[in-house]
Structure formats: structure tokens, C-alpha cells
Amino acid sequence: MANFFKYKSAADLEAENARLGIDLRFSDDLTPLFQPLTIAGRTLGNRWCIHPMEGCDGELDGRPGELTHRRYVRFGAGGAKMIWGEACAVVEEGRANPRQIVLNEATKADFARMVADCRAAHRAANGDDSGLLFGLQLTHSGRYSYRRPVIATHDPLLVGRYKVTADTPLVTDDELKRLVDAYVVTAKLAVEVGFDFLDVKQCHRYLLNELLGARNRPGPYGGSFENRTRLAREVFQAVRAAVPANVILATRMNAFDSIPFNPPGEPVPHTLPLVNGWGMSETDPFTPDLTEPLRWVADMQTLGVTLVNLTMGNPYAQPHFGRPAEYPPPDGYESPEHPLIGVDRHFRAAEAVQRANPGLAVVGTGYSYLQEFLPQAAAANVRDGRVAIAGVGRATLSQPDWVRQLLDHGKLDRKRVCRTFSYCTAIMRAKDHPMGQFPTGCPPFDKEAYGEIWKDVQKLALKK
Ligand SMILES: Cc1cc2nc3c(=O)[nH]c(=O)nc-3n(C[C@H](O)[C@H](O)[C@H](O)COP(=O)(O)O)c2cc1C
């Protein structure tokens with residue numbers, strides 16, 4: 001097993017940074033992280049965001065389950081002022097797994113209770129929830145929909161993965177068009193149950209991300225930049241018109257897709273130029289090319305988007321880009337690069353978008369790999385204007401109260417720091433459960449909820 005992370009101090013990390021020739025920065029002065037920020041007239045009380053993370057623990061009808069509810073109550077109490085609610089399918093056929101949450105008339109009361117209890121927990125632990133912004137990620141899982149893959153483009157490099165064959169039909173233009181209404185219906189319900197911002201998800205190779213890169217799709221939703229951004233544009237316009245002005249329009253977007261990797265960590269064989277993909281040139285799928293993402297971010301602002309969360313990669317095809325990790329998930333491979341290079345790639349992409357749009361609220365990704373030094377890295381990035389808000393994913397599952405730890409003790413609780421061993425992703429990939437999907441969280445540091453679940457997943461793995 002790889003052993004990359006052996007740093008005892010930020011100074012050790014700075015030395016590694018110099019050795020690798022990358023641009024990670026660290027600051028012991030955490031005050032920039034506790035300055036408020038105004039986003040579209042709303043106040044965000046600090047610069048910490050909890051990234052969207054599916055627990056795969058909804059009920060079969062789409063209602064948030066007990067563990068879903070528990071997660072958001074813990075996040076609420078934790079002290080981060082931006083809580084980016086997880087992927088929520090806008091149509092049943094767009095669910096990534098049978099336990100992905102779905103917001104509709106039948107489930108809305110449970111969502112409302114979850115939002116209210118999250119806010120109440122925030123007030124109880126932090127005194128005041130006026131600067132708390134809680135959003136929801138509206139998604140269609142596209143080729144990763146569990147019932148059947150809904151593909152927007154024939155990507156030769158993804159054939160043979162997740163039930164997609166060379167004959168899988170493309171989703172039709174009419175079917176795409178009809179989705180606009182589904183986004184609007186879900187968006188209105190999300191506002192009704194109390195969410196403050198709405199994310200039209202365009203990342204991780206789900207449907208709207210796939211369309212962004214669909215250069216080889218014929219018709220009005222493929223080919224030119226204008227066509228590839230058409231559906232998302234129509235969704236933003238329709239949602240903006242349908243919800244009150246104080247609701248923040250947001251997106252989580254891939255800055256860079258790259259191509260699939262196979263064990264032991266090699267890119268799949270491919271021929272250049274590539275026929276599709278987003279945030280990369282046709283001739284170099286390993287280096288972000290932000291020309292189109294920057295153009296799209298500029299356009300989205302004219303459509304009313306004021307909050308952009310940047311991410312990259314495809315968690316099913318090459319997890320190392322999106323989630324730099326010390327130990328890979330079971331369907332992954334040892335990191336083919338030093339994970340700090342992956343962290344730096346995230347930071348640079350966010351910086352490019354932030355610098356080109358100084359007034360935009362940009363949320364950055366890539367912090368969990370830095371373990372107990374993530375606050376110092378976030379502080380330096382916010383101080384230097386590289387990003388407005390630091391988004392944290394896996395590390396919040398092990399220590400949901402990490403912002404309170406910083407406020408009360410000036411540092412994280414070392415006993416519950418995420419070591420990026422990929423337990424959370426491993427459980428997510430385990431489907432052999434009576435409900436078709438295991439719920440996920442942090443087995444090593446949240447044993448109360450996930451200890452037994454992890455044992456079941458291991459037993460299954462042994463049986464296989
Ligand atoms: C268990 C799990 C569930 C996730 N679910 C989502 C999701 O619903 N939406 C999304 O945009 N990203 C999702 N992600 C990706 C995270 O938001 C984040 O981008 C990723 O973990 C990298 O950030 P980190 O290094 O701080 O963990 C998920 C990640 C994990 C580990």
C-alpha cells in the first residue's frame with residue numbers, strides 16, 4: 001500500500017510542495033475563514049462549505065432516511081455556514097441508486113423536517129443561523145442511472161462500463177427537453193421546503209456534465225459550445241424564472257473530465273483526437289484546459305448563477321482526479337501520481353475561475369487529503385484570493401463538527417481526522433443489500449452508525 005502522507009507539520013508539507021514543484025500554501029492565521037461573504041445579497045457567515053455527499057441512505061420512495069436526517073443534523077451543528085445538500089434526482093429514472101433521495105409532493109414533508117432540524121441544530125450549537133446557507137443538488141445521473149444508462153453521447157472510452165454497450169441508444173432531444181420541467185418542479189419544491197440555494201449539477205460525468213463535452217452528439221444538444229450548453233442554459237433560465245429572487249442559483253461543475261484509468265493506474269488505451277470531453281483539449285486528456293469552462297462560467301453569470309463549486313473527474317472511471325486519496329476504493333487503483341499533485345490541480349482550477357471572476361463565490365475542492373493541515377491550506381487560499389470558500393468532503397464524514405473544533409480549540413480533533421482510506425467510497429460501491437444499496441459514511445470514525453454496516457460489507461466481499 002502506498003504511503004504518501006507522512007507529514008508531521010505544515011512545514012513538512014511546504015518542503016514536499018517545493019520538492020514536487022506545486023503551489024500549495026499554508027497559513028496559521030485562520031481568520032480569513034471566519035469572514036462573512038455576501039452572495040447575491042445573502043450573507044454567508046464563514047468560508048466553510050460541506051460538499052455534497054450522498055449517503056445512499058434514502059428510502060426507496062426517495063424520502064431522506066434516518067441516517068440522511070442524522071447526517072444533516074450533525075452537519076448543521078458542525079459550524080460550517082454553507083451546507084451543500086447531496087445529489088437529489090429530478091426524475092425517478094435519473095437516480096444513481098435505489099436509495100438516492102428524490103424530492104416530490106410525496107416526500108417533501110420529510111425534506112422540510114430535515115431542513116428545519118438542520119437549522120435548529122445549527123442554532124443550538126452555534127447560537128445563530130442567520131449566516132447559514134443550505135442548498136440542494138439537483139441531478140440526473142445520466143449514464144450512471146441505476147435502472148438503465150441514459151447516455152448523452154457515445155464515448156468509446158466508457159463502453160463496457162456500467163451496463164453501457166456500443167448499442168446503447170442516445171437519450172433523444174425530446175427527452176432532454178422534457179427534463180427542463182422536471183428541474184423546475186424539483187427546484188420549486190426545494191424552495192418550499194426551505195433550501196437557500198439550488199445547484200444544477202454539471203459534474204462527475206452525470207447527464208449535464210456529459211452534455212458539456214458531447215462534441216460528437218448530433219442535433220441541438222451536441223457539437224458546438226452553444227449546443228452543448230443548451231440544456232443547462234434552458235434549465236437555469238427556467239429555474240431562475242420560477243423561484244423567488246432571493247434564492248441563490250448555483251452549480252457544481254467539472255473543470256476537467258479526463259479519461260478512464262484501469263488498474264494498476266494507467267489510462268485506458270485511446271486514440272487522439274478524442275471525440276468528446278470537457279475542460280481538456282482533444283489531444284491532451286491529462287491536463288485541464290479551462291478555455292470552455294471559463295467561457296461557460298461567464299455565460300452562467302448572465303443567467304443568474306452566483307455560486308460555483310468546482311470539481312473534476314469521474315468517480316467511477318478515475319477516482320484519483322476527484323478524490324485524491326492515500327488508499328484507493330475497491331474499484332480503483334493505486335494513485336498514479338502523488339496525491340498532492342491532485343490537490344494542487346484542484347486548487348489551480350478553482351483559482352483560475354476565481355481570478356477571472358473576482359465577484360463570483362467560488363467553492364474549491366481537494367482539501368480532505370491534507371488531513372489535519374486542511375484548515376491552514378484553506379486559510380492561505382482564501383487569504384490570497386485563490387478561492388472564496390473552501391469545500392470539504394470526506395473529512396466532514398469523520399468529523400462533522402470540524403468548524404466548531406477550530407472555533408473552540410484552534411485545530412481539528414486529531415483523533416477523528418479523515419485519513420482518505422476510501423471506506424466511504426468502498427461502501428458506496430457495495431450494492432448487495434436488501435434495498436439494493438448500502439448506506440455510506442465513515443466506518444473508522446463513526447462506528448456507532450457505520451461499524452456494523454462495514455462488517456456486513458466485508459463479509460460480502462469475503463463471500464465473493
Ligand atoms: C461518499 C461520497 C458521496 C459523494 N456524493 C457526492 C454528491 O452527491 N454530489 C457531488 O457533487 N459529489 C459527491 N461526492 C464528491 C465530494 O463532494 C467531493 O468532491 C470529493 O469527496 C472530494 O472532496 P474531498 O477531498 O474533500 O473529499 C461524494 C463523495 C463521497 C466520498
Side-chain angles (χ1 to χ4, degrees), residues 5 48-58 67-68 71-72 75 80 82-89 94-97 99-101 135-141 144 199-209 250-255 308-316 319-329 332 335 339-340 342-347 349-350 363-371 374-375 377-378 389-400 402 417-430 437-443 446 450 453:
F5 202 96
W48 287 117
C49 167
I50 297 182
H51 273 321
M53 268 175 308
E54 274 196 81
C56 310
D57 45 18
L67 286 171
T68 330
R71 189 167 50 262
Y72 287 101
F75 285 164
M82 178 170 280
I83 301 177
W84 202 294
E86 70 203 63
C88 173
R95 283 169 109 181
N97 65 71
R99 300 184 71 177
Q100 185 166 62
I101 54 173
L136 187 67
Q137 181 171 72
L138 310 184
T139 194
H140 186 302
S141 306
Y144 298 108
D199 162 17
V200 176
K201 181 180 193 171
Q202 305 179 81
C203 64
H204 303 156
R205 273 313 274 258
Y206 294 111
L207 187 69
L208 288 180
N209 179 195
T251 191
R252 190 157 206 227
M253 185 187 81
N254 259 19
V308 175
N309 184 332
L310 287 166
T311 177
M312 54 183 66
N314 176 335
Y316 306 95
H320 77 280
F321 283 114
R323 305 175 188 174
E326 194 65 357
Y327 190 73
S335 184
L340 288 178
V343 173
D344 182 62
R345 189 182 292 110
H346 273 289
F347 289 1
V363 181
T365 298
Y367 291 89
S368 289
Y369 184 73
L370 296 170
Q371 304 194 14
L374 79 81
I389 301 159
V392 187
R394 291 161 295 175
T396 68
L397 298 176
S398 64
Q399 192 167 160
W402 96 102
V417 170
C418 171
R419 302 294 172 195
T420 67
F421 277 14
S422 298
Y423 287 87
C424 49
T425 310
I427 309 189
M428 237 180 154
R429 299 289 177 256
Q437 173 68 47
F438 274 89
T440 191
C442 183
D446 189 2
Y450 299 99
I453 293 170

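What you see below is based on every heavy atom in this structure, not just the backbone, and it leaves out hydrogens, waters and symmetry mates. For ligands, and for the atoms within them, numbers begin at 1 and follow the listed sequence.
Of the heavy atoms in Cys418, none comes closer than 4.0 Å to ligand 1. With a 4.0 Å cut-off on non-hydrogen atoms, Arg252 touches ligand 1 through its side chain and not its backbone.
In this structure, a donor-acceptor pair under 3.5 Å is present between the side chains of Thr311 and His204. A donor atom on one side chain and an acceptor atom on the other are found under 3.5 Å apart for Tyr144 and Asn314.
Counting atoms of ligand 1 from 1 in the listed order, those under 4.0 Å from a heavy atom of Ser368 are 24 (P), 25 (O), 26 (O), 27 (O). Ligand-side atoms of ligand 1 in range of Gln137: 7 (C), 8 (O), 9 (N), 10 (C), 11 (O), range being under 4.0 angstrom from any heavy atom. Close approach of ligand 1 to Cys203 is summarised as follows: ligand atoms under 4.0 Å from at least one heavy atom of the residue are 11 (O). Every atom of ligand 1 with a heavy atom of Cys424 under 4.0 Å away is listed here by number and element: 31 (C). Ligand-side atoms of ligand 1 in range of Lys201: 9 (N), 10 (C), 11 (O), range being under 4.0 angstrom from any heavy atom. Distances below 4.0 Å separate heavy atoms of Met428 from the following atoms of ligand 1: 1 (C), 2 (C), 3 (C). Within ligand 1, counting atoms from 1 as listed, the ones closer than 4.0 Å to a heavy atom of Thr365 are 19 (O), 22 (C), 23 (O). Atoms of ligand 1 lying under 4.0 Å from at least one heavy atom of Gly322, given by number and element, are 22 (C).
The shortest N or O to N or O distance between Tyr369 and ligand 1 is not under 3.5 Å. The shortest N/O to N/O separation between Gly393 and ligand 1 falls below 3.5 Å. Remark: ligand 1 and Arg394 share an N or O pair separated by less than 3.5 Å (distance only, no angle test). Here's the thing with Glu54: one of its N/O atoms is less than 3.5 angstrom from an N/O atom of ligand 1. For ligand 1, the polar-atom distance check against Leu397 finds no nitrogen or oxygen pair separated by under 3.5 Å. Of the polar atoms of Glu86, none of the N or O atoms is found under 3.5 Å from an N or O of ligand 1, judged by distance alone.
Across Asn309, Leu136, Thr139, a single residue satisfies side-chain contact (heavy atoms from CB on, under 4.5 Å) together with Pro52, and that is Asn309.
Without hydrogens or angle criteria, Thr365 side chain to Leu310 main chain gives a donor-acceptor distance under 3.5 Å. Under a 3.5 Å cut-off, the side chain of Arg95 and the backbone N or O of Gln100 do form a donor-acceptor pair. With Glu326 contributing its side chain and Phe5 its backbone, the two residues share a donor-acceptor pair below 3.5 Å. For Ser141 (side chain) and Tyr206 (main-chain N/O), no donor-acceptor pair under 3.5 Å exists by modelled atom type. Judged purely by atom type and a 3.5 angstrom limit, Gln437 has no side-chain atom pairing as donor or acceptor with the backbone of Asp57.
When the heavy-atom distances from atom 15 (C) of ligand 1 to His346, Arg429, Arg323, His51 are ranked, the shortest goes to Arg323. Across Ser422, Gly313, Pro52, Ala390, heavy-atom proximity to atom 6 (C) of ligand 1 is greatest for Pro52.
With contacts defined as side-chain heavy-atom distances shorter than 4.5 Å, the pair Arg71/Met53 does not qualify. Between His346 and Tyr367, every side-chain heavy-atom pair lies at or beyond the 4.5 Å cut-off. Put simply, the side chain of Lys201 does not reach to within 4.5 Å of the side chain of Leu208, judged on heavy atoms.
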